[in-house]
Number of protein chains: 2
Amino acid sequence: MAKRVTLADVARKAGLSMSAASMILNGRPDTRLSQEAHERVNAAAAELGYRPNVAARGLRTDKTLTIGFVSDLVATTRFASGLIKGALEAAEDARHFVLVAETEGDPRREEEAIAALLDRQVDGIIFATMRARELFVPDLPDSTRAVMLNAINARHRTSVLPDEYTGGRAAVELLVDAGHRDGIALLGQSDEAERELFRSETVARRVAGIRSALDEHGLSFAREESIWLWEPQEGYEAALRILREDPGIRAMVCMNDRLAFGAYQAAAELGMSVPGDLSIVSFDNDEIAAYLRPGLTTVALPHEAMGRRAVELLLREPDHGQSLVAMPVVERESIAPPAHS
Amino acid sequence: MAKRVTLADVARKAGLSMSAASMILNGRPDTRLSQEAHERVNAAAAELGYRPNVAARGLRTDKTLTIGFVSDLVATTRFASGLIKGALEAAEDARHFVLVAETEGDPRREEEAIAALLDRQVDGIIFATMRARELFVPDLPDSTRAVMLNAINARHRTSVLPDEYTGGRAAVELLVDAGHRDGIALLGQSDEAERELFRSETVARRVAGIRSALDEHGLSFAREESIWLWEPQEGYEAALRILREDPGIRAMVCMNDRLAFGAYQAAAELGMSVPGDLSIVSFDNDEIAAYLRPGLTTVALPHEAMGRRAVELLLREPDHGQSLVAMPVVERESIAPPAHS
DNA sequence: CCCCCGTGCTAAATGGGTTCAGCAGGGCAT
DNA sequence: ATGCCCTGCTGAACCCATTTAGCACGGGGG
């Protein structure tokens, strides 16, 4: 294939200078170039299939139409790949491209990744984490914009976070609406047991939302089970314990879908049916939520919407505030009215 | 923060010309610059924290230390995100960066993505698909390298694919080693029913491997069930049908883990235990394989290794051949010797 | 007739680096 | 003393675009 077409080729073909061609192709206002010049340049560019060299342009203008996406584990684990998907979509809509780097949370790799992104003159950087947390960010040039995605940082205040408080409330409302008043357990969190621990900013908000809705209805949990690792095996064991020791449990709020998956397995083992004997509501809307039988009703982490939002904020002037993205309720079949015993 | 340090700053500080500084920093051999000049330049660069501007260098050298990753749905779905993870890791090891684009298989978006990557002067492009298939690739400049990842293309012959044939054989060997000789079902594929259909190159090889191992042992499937959509719901229904109609079934080869998940649900519903009454082996090593109880033994898709390999091939001279990556057997607890009835 | 202004366009500087041709100056052979 | 080579370095072109200052020309006013 032939060499790439450059602006010089277009100018030559149009019989004008590169300056004229450049101004016309960029649609600069207030140039006094004639109508005819416009036509000749546009025709030449179209005919030759001219596309500007982004790097060369960036050298001059400091805009590369490229943004950096630095994450600990987001891009490459299934848990939060929606973040990157949303970011890619929004970037494409804005005719930008995304340079992706994963650091696994290692500060040295993070620093190196940022330096490498700056070497490539990115217009801005999105910092994403899997578990919303305070993220260390090295110094950036003033001209480099930054947006925190599912993360917070003291210096870079523009953050995109899920609206966990409202989401937490929604989960409780689902059970209450179905008629549950007592016999509700919380699986995965016990404020008492975790007083000294801090999971993440968003988990704290989720729990606060859950408790506020519960309070509002004058209700309280019959049981709370602290679980540090939110995986199916742990959920299974804890649910089994709860259900055995406390036969009055009729509903469960699980802190994530993998715990809920474990709870399903425990219920099955005890011969309890979901949702007939046990209603379950959960958070995240993981892949497995749709695979479970019956389908798991869950309050979704809006990863794609968050990724989109982050890019949109980055490309507009970042506004230095927290941007909360609504968590949609995904209703499936895991909630029913309590059986009257 | 101050303006970026340029080569001119380094040269000035070292009291030498930019040319000298450039040659020294790039470690050019056969320049006759003095030992002392080397030391002065290196010291100046280190002291100022100089990093070359990749875009500017690329303009001259046509090397940007950046590669493009174009995929249909790989990056952003949990199914194959390992591909991107491996690619990112290998790129980082080679001090390269990755520009990611998703096209959802839309040829227009694909063409646009490739053009945009070329605008950014990438050194090469990896084309990845979720389901290994023949992928259309528009014209590329001769200088742009291409590697197909989980895909094949007539013009660009360098491909990275999972070694499905050997993987298929391995799945059968697992059952045979456990003592299974008859009552084995195949869930998800029936050559008879799918004569006219073509899923993908790799599925064909997987099936060929399965059949070759079976033949070698003089065995054959007691039952084959064609399923077009390999999802849990479909697996559940098909497995339920098979197990009801054919009580002699003692083992199942599932074409993927989601089908196996459905088979687990069907077995549970029929009061059969895995692996006591029914052994199950499967493919992919999805997230759910580890979550199931008992753990699902499965032949893994080596996504990360494939992503790595693709980058390595791209950065060396691509060799115009298919590179097969071994599929590791992940042994868990879903296979046991057949109960003697 | 001269000056001024508006119109339509171009030359040249710029961004940050790489690379090639070649320039000074010292040492050596003739 | 002349010519030549070797050493150690620099000037300038080049990559591809953007941007600013200003040139040439024609027309109108004084």
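In what follows, chains carry the letters A, B, and so on, assigned in the order in which the sequence lines appear, proteins first and then strands, with residues in each chain numbered from 1.
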Chemist: When you compare the side chains of A/Arg120 and B/Thr66, does any donor N or O come within less than 3.5 Å of an acceptor on the partner?
Modeler: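 Yes, B/Thr66 and A/Arg120 have a side-chain donor paired with an acceptor closer than 3.5 Å.
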Chemist: Is it the case that the side chain of A/Arg145 and the backbone of A/Leu314 share a donor-acceptor pair, with hydrogens and angles ignored and the cut-off at 3.5 Å?
Modeler: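 Yes, A/Arg145 side chain to A/Leu314 backbone: donor-acceptor pair under 3.5 Å.
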Chemist: Tell me whether the OP1 or OP2 atom of C/dT19 has a side-chain N or O from B/Ser19 closer than 4.0 Å.
Modeler: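 Looking at the OP1 and OP2 atoms of C/dT19, neither is under 4.0 Å from any side-chain N or O of B/Ser19.
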Chemist: May I ask you to verify if any side-chain N or O of A/Arg32 is less than 4.0 angstrom from the OP1 or OP2 atom of C/dG6?
Modeler: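 Checking A/Arg32 against C/dG6: no side-chain N or O falls below 4.0 Å of OP1 or OP2.
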Chemist: Pick the closest DNA chain D nucleotide for B/Gln35 and for B/Gln121 by heavy atoms, then say which residue is nearer the 5' end.
Modeler: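 It is B/Gln35 whose nearest nucleotide is closer to the 5' end.
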Chemist: Is there a donor-acceptor contact under 3.5 Å from the side chain of A/Thr129 to the main chain of A/Asn150?
Modeler: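 Side chain of A/Thr129 to backbone of A/Asn150: a pair is present.
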Chemist: If we ignore hydrogens and angles and just use 3.5 Å, is the side chain of B/Thr64 paired with the main-chain N or O of B/Gln121 as donor and acceptor?
Modeler: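 Yes.
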Chemist: Is the number of heavy atoms from other residues, nucleotides or ligands under 6.0 Å of A/Arg157 CZ greater than 12?
Modeler: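 Counting other residues, nucleotides and ligands, CZ of A/Arg157 stays at 12 neighbours or fewer.
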Chemist: Rounded off to whole Å, could you give me the CE-to-C1' distance for the B/Met18 and C/dT19 pair?
Modeler: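 Result: 12 Å.
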Chemist: How close or far is atom C1' of D/dC16 from atom CZ of B/Arg120, stated in whole angstroms?
Modeler: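 So the two atoms are 15 Å apart, to the nearest Å.
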Chemist: Contact class for B/Arg28 (heavy atom, under 4.0 Å): base, sugar-phosphate, or nothing?
Modeler: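 It contacts sugar-phosphate atoms only.
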Chemist: What bend angle does the helix from C/dC1-D/dG30 to C/dT30-D/dA1 show across its length, from five-pair end axes and to the nearest 10 degrees?
Modeler: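 So the angle between the two local helix axes works out to 90°.
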Chemist: Can you tell me if the side-chain N/O atoms of A/Ser34 get under 4.0 Å from OP1 or OP2 in C/dG8?
Modeler: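 It does not, given that no N or O in the side chain of A/Ser34 lies less than 4.0 Å from OP1 or OP2 of C/dG8.
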Chemist: Can you tell me if B/Glu47 has over 12 outside heavy atoms packed within less than 6.0 Å of its CD?
Modeler: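 Count not over threshold, so no.
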Chemist: Write down the distance between CZ (A/Arg4) and P (D/dC14), rounded to a whole number of angstrom.
Modeler: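 Those two atoms, CZ and P, are 21 Å apart.
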Chemist: Across the strands shown, which category fits B/Asn26 at heavy-atom distances under 4.0 angstrom: base, sugar-phosphate, nothing?
Modeler: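 Touches sugar-phosphate only.
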Chemist: Rounded to whole Å, how long is the line connecting atom CG of A/Leu7 with atom P of D/dC16?
Modeler: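 It is 11 Å, rounded to the nearest whole Å.
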Chemist: May I have the distance from B/Ile24 (atom CD1) to C/dG17 (atom C1'), rounded to whole angstrom?
Modeler: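 Spelled out: CD1 on B/Ile24 to C1' on C/dG17 is 15 Å.
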Chemist: Check whether any side-chain heavy atom of B/Asp9 sits under 4.5 Å from a side-chain heavy atom of B/Met18, and report yes or no.
Modeler: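 Contact flag for B/Asp9/B/Met18 side chains = no.
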Chemist: Figure out the CG/C1' separation between B/Asp30 and C/dT19, and round it to whole Å.
Modeler: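 For the pair B/Asp30 CG and C/dT19 C1', the rounded distance is 14 Å.
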Chemist: Could you state the CG-P distance from A/Leu25 to D/dC16, rounded to the nearest angstrom?
Modeler: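 Spelled out: CG on A/Leu25 to P on D/dC16 is 16 Å.
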Chemist: Could you tell me how far apart B/Lys63 (NZ) and C/dG17 (C1') are, to the nearest whole angstrom?
Modeler: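 Interatomic distance, NZ of B/Lys63 to C1' of C/dG17: 16 Å.
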Chemist: Answer yes if the side chains of B/Ser71 and B/Glu102 hold a donor-acceptor pair under 3.5 Å, and no otherwise.
Modeler: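 On atom types as modelled, these side chains qualify, holding a pair under 3.5 Å.
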Chemist: NA contact type, A/Ser22, heavy-atom cut-off 4.0 Å: base, sugar-phosphate, or nothing?
Modeler: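 Base, at least one base atom sits under 4.0 Å.
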Chemist: Salt bridge (Lys or Arg N to Asp or Glu O under 4.0 Å) for B/Arg4 and A/Asp119? Distances and angles first, verdict last.
Modeler: CA-CA 10 Å; B/Arg4 229 185 127 86; A/Asp119 294 347; 2.8 Å; yes
Chemist: Give me the atom names and distance for the closest heavy-atom approach of A/Gly124 to A/Thr144.
Modeler: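 Distance-wise, the nearest heavy atoms are CA-CG2, 4.2 Å.
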Chemist: So if I take residues 39-61 of chain A and measure heavy-atom distances to DNA chain C, which residues fall below 4.0 Å?
Modeler: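 Only A/Ala56, A/Leu59, A/Arg60 qualify.
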